[in-house]
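Reviewing the structure listed below.
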Amino acid sequence: MTTIERPPLEGIRVIDLTTFLSGPSATQLLGDLGADVVKIESFQGDSSRAIVGPTLDGDCAYYLANNRNKRSISLDLKSPRGREVLMRLVAGADVVIENFRPGVTARLGIAPESVTAEHPSLVWASISGFGQEGPMRDRPAYDMVVQALSGVMSINGHPGAPSARLGIPAGDVVAGLFAVIGVLAALQSRQETGRGRVVDVSMLRGQLSMLSYQALYTYLRDVPPGPQGAGHDSIATYRSFRGGDGRELVVTANTPRMWEGLCRVLGVEELVTDERYVDASARLANKESLWATLEARFTERPAAEWVELLAEASVPVAPVKNVLEALADARAAGDGSLVEVKNGTVSFENVAAPIRFVDTAEVEPVYPPALGQDTFDILVGELGMSPADVEALIAEGVVLAPLDEQVA
């Protein structure tokens, strides 16, 4: 009989001091992996609760997308008693993640150096725009800011057009992913040493890392790459084309066999022996004339027909789908790429964590919490406060709890 293992981070408690997107995306992933995530919010709540856009049952979709599998407690961290409550929570935690601007934790009296000195086994992760040190440390940063500063925007879009922001929040999400990697590495190290680490993640450094080979190309050429458009800097037959019905498809014919298969399907076998296109270097040097020939052939059939024919010839190909189509495909596949998150009669479908573990119990998704939803449960059930103590903290403006959670 197969043994079903518990989720890998079950038993790990995370104190989530983050807001907006980079931090919440990281803590949501930790929650997806089984960690108990306690979200600490101001009385105004995570700023993503107020983003203009679609809503569900009064909640902003932006917030809902990044805050499942968490519990919420609302504290005034500017008050001494609020910080005292936080420190009691930290004392029972394994990880703290925050994305304040550098220096804010010190002003609040919760600098990582002092907190980890008191709790040596604690892992502390700081996400910021530009890192905890350096000339830009105090500047505010958002996703598009780091996309611009990293060079990412300059190579997105089409030649001759203005630089384009990536349509996904890569600056935020990539920083969140690196924060999770840093936390997991620090937890692994703690198993051997008993000591935690302070993890410093920069959104800008995260975007620079995403440049990948483009960074080395630039170093070796001493020339910045331009907008990539539909193509690739090194592979002429790695680009998108438009079929006769106006729909787009992408082809990645990287090897000689794939190149020959592409020519055979398109009915231009003579290109295989044409000295202008005889190998990858020649094709790249003569890409403009090659593209013109291929584009003309692709307009002779609908994109879907080309996709079918090229796939049969083992040429890597795919239609360019919009997000609605891509999500519909994920739903139809039934492979767990999407997850339904429920709260009574209210529910929504969201993208699941892409990580799977064989023979491991899955974490049942928990609906993102209302502001301060778990204040009473956490303070009474876990810190051992009496209901009267919590009511006093509410009256003093130290903590906030929804009316239906307050004890009469």
Side-chain angles (χ1 to χ4, degrees), residues 13-27 30 37-50 67 70-134 136-142 172 175-176 179 182-183 186 196-203 369 371-372 374-375 378-379 382-383 385 389-390 392-401:
R13 176 163 294 179
V14 177
I15 301 300
D16 179 3
L17 293 169
T18 69
T19 186
F20 214 70
L21 182 52
S22 62
S25 69
T27 52
L30 292 171
V37 179
V38 178
K39 185 177 180 68
I40 311 294
E41 300 188 69
S42 70
F43 286 8
Q44 292 72 43
D46 185 324
S47 56
S48 70
R49 290 181 183 272
N67 286 283
K70 303 178 186 181
R71 299 185 289 158
S72 171
I73 176 172
S74 186
L75 290 176
D76 177 11
L77 294 182
K78 295 181 180 179
S79 72
R81 293 206 67 189
R83 290 192 295 274
E84 178 186 338
V85 171
L86 174 63
M87 287 302 98
R88 290 182 63 182
L89 291 170
V90 168
D94 301 281
V95 178
V96 173
I97 300 186
E98 52 89 5
N99 62 348
F100 296 114
R101 283 166 66 177
V104 171
T105 56
R107 291 197 295 272
L108 290 173
I110 55 171
E113 296 82 5
S114 59
V115 175
T116 55
E118 185 176 350
H119 304 286
S121 66
L122 184 70
V123 173
W124 183 292
S126 297
I127 304 172
S128 63
F130 308 107
Q132 300 301 304
E133 303 294 338
M136 297 179 67
R137 68 186 293 270
D138 295 322
R139 289 180 58 177
Y142 288 92
D172 284 306
V183 165
R197 304 283 184 101
V198 176
V199 181
D200 173 12
V201 174
S202 156
M203 292 171 65
L371 178 60
D374 305 287
T375 298
I378 292 171
L379 298 185
E382 298 177 21
L383 295 190
M385 294 183 182
D389 290 337
V390 180
L393 290 176
I394 293 173
E396 294 170 21
V398 176
V399 302
L400 180 72

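Values reported hereafter were calculated over all heavy atoms of this structure, with side chains retained and with hydrogens, waters and symmetry mates removed. What you see is a predicted model, and the numbers here were worked out from it, not measured in a lab.
- You'll find the side chain of V37 stays beyond 4.5 Å of the side chain of I97, heavy atoms only.
- For S25, the side-chain hydrogen bond (donor to acceptor under 3.5 Å, both in side chains) criterion is met by no residue, not counting sequence neighbours.
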What verdict does the side-chain hydrogen bond (donor to acceptor under 3.5 Å, both in side chains) test give for S74 and E41, after you've listed the backbone C-alpha separation in whole Å, the side-chain angles of each residue and the deciding distance to 0.1 Å? CA-CA 5 Å; S74 186; E41 300 188 69; over 6 Å; no
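- Across every non-hydrogen atom of V183 and A125, the tightest pair is CG2-CB, 3.8 Å.
- The shortest side-chain heavy-atom distance between L89 and I40 falls under the 4.5 Å cut-off.
- Residues passing the ring-ring contact (aromatic ring centres under 6.0 Å, His included) test with Y142, sequence neighbours excluded: F20.
- Applying the side chain to side chain contact (heavy atoms under 4.5 Å, CB included) test to T375 and every residue at least two apart in sequence or in another chain returns I73, L379, V399, A401.
- Under the side-chain hydrogen bond (donor to acceptor under 3.5 Å, both in side chains) criterion, D172 pairs with no residue, sequence neighbours left out.
- Taking all atoms of both residues into account, the shortest heavy-atom contact from G129 to A141 is CA-CB, 3.5 Å.
- Taking both residues in full, the closest heavy atoms of L108 and L77 are given as CD2-O, 3.8 Å, listed atom of the first, atom of the second, then distance.
- Here E382 pairs with R13, R71 under the salt bridge (Lys or Arg N to Asp or Glu O under 4.0 Å) rule; sequence neighbours left out.
- Looking only at side-chain heavy atoms (C-beta outward), L30 and D16 stay at 4.5 Å or farther from each other.
- P24 and N67 make their closest contact through CB-OD1, 3.8 Å (heavy atoms, listed as atom of the first residue, atom of the second, distance).
- In this view, R137 satisfies the salt bridge (Lys or Arg N to Asp or Glu O under 4.0 Å) rule with no residue, not counting sequence neighbours.
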Enumerate, atom names and distances included, each donor-acceptor pair closer than 3.5 Å involving a side-chain atom of residues 116-123, sequence neighbours excluded.
residue	atom	partner	partner atom	Å
T116	OG1	P112	O	2.6
T116	OG1	E113	O	3.4

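- Using a 4.5 Å heavy-atom cutoff, the side chains of M87 and I110 are in contact.
- D389 is linked by a side-chain hydrogen bond (donor to acceptor under 3.5 Å, both in side chains) to S386, counting only residues two or more places apart in sequence or in another chain.
- Taken from OG in S72 to CZ in R49, the straight-line distance is 5.5 Å, to the nearest 0.5 Å.
- In this structure, OG in S126 is found 4.5 Å from CD in Q132, a value given to the nearest 0.5 Å.
- Distance check: N99 CG to L21 CG gives 9.5 Å after rounding to the nearest 0.5 Å.
- Smallest separation of non-hydrogen atoms from F100 and S128: O-CB, 4.4 Å.
- Applying the salt bridge (Lys or Arg N to Asp or Glu O under 4.0 Å) rule to pairs touching residues 86-95 yields D94-R190, sequence neighbours excluded.
- Using a 4.5 Å heavy-atom threshold, the side chains of K78 and S42 count as separate.
- A donor-acceptor contact shorter than 3.5 Å is absent between the side chain of K39 and the backbone of T27.
- Applying the side-chain hydrogen bond (donor to acceptor under 3.5 Å, both in side chains) test to S48 and every residue at least two apart in sequence or in another chain returns D46.
- In terms of the salt bridge (Lys or Arg N to Asp or Glu O under 4.0 Å) criterion, residue partners of D200 (sequence neighbours excluded) are, by chain and number, R205.
- Nearest heavy-atom pair across W124 and T105 is CZ2-CG2, 4.2 Å.
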Mind running side chain to side chain contact (heavy atoms under 4.5 Å, CB included) on V85 and M385 for me, showing each step along the way? CA-CA 10 Å; V85 171; M385 294 183 182; 4.0 Å; yes
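- Under the rule for a salt bridge (Lys or Arg N to Asp or Glu O under 4.0 Å), the partners of E396 that lie at least two apart in sequence or sit in another chain are R81.
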Assess whether side chain to side chain contact (heavy atoms under 4.5 Å, CB included) is satisfied between L86 and I15, documenting all intermediate values. CA-CA 9 Å; L86 174 63; I15 301 300; 4.0 Å; yes
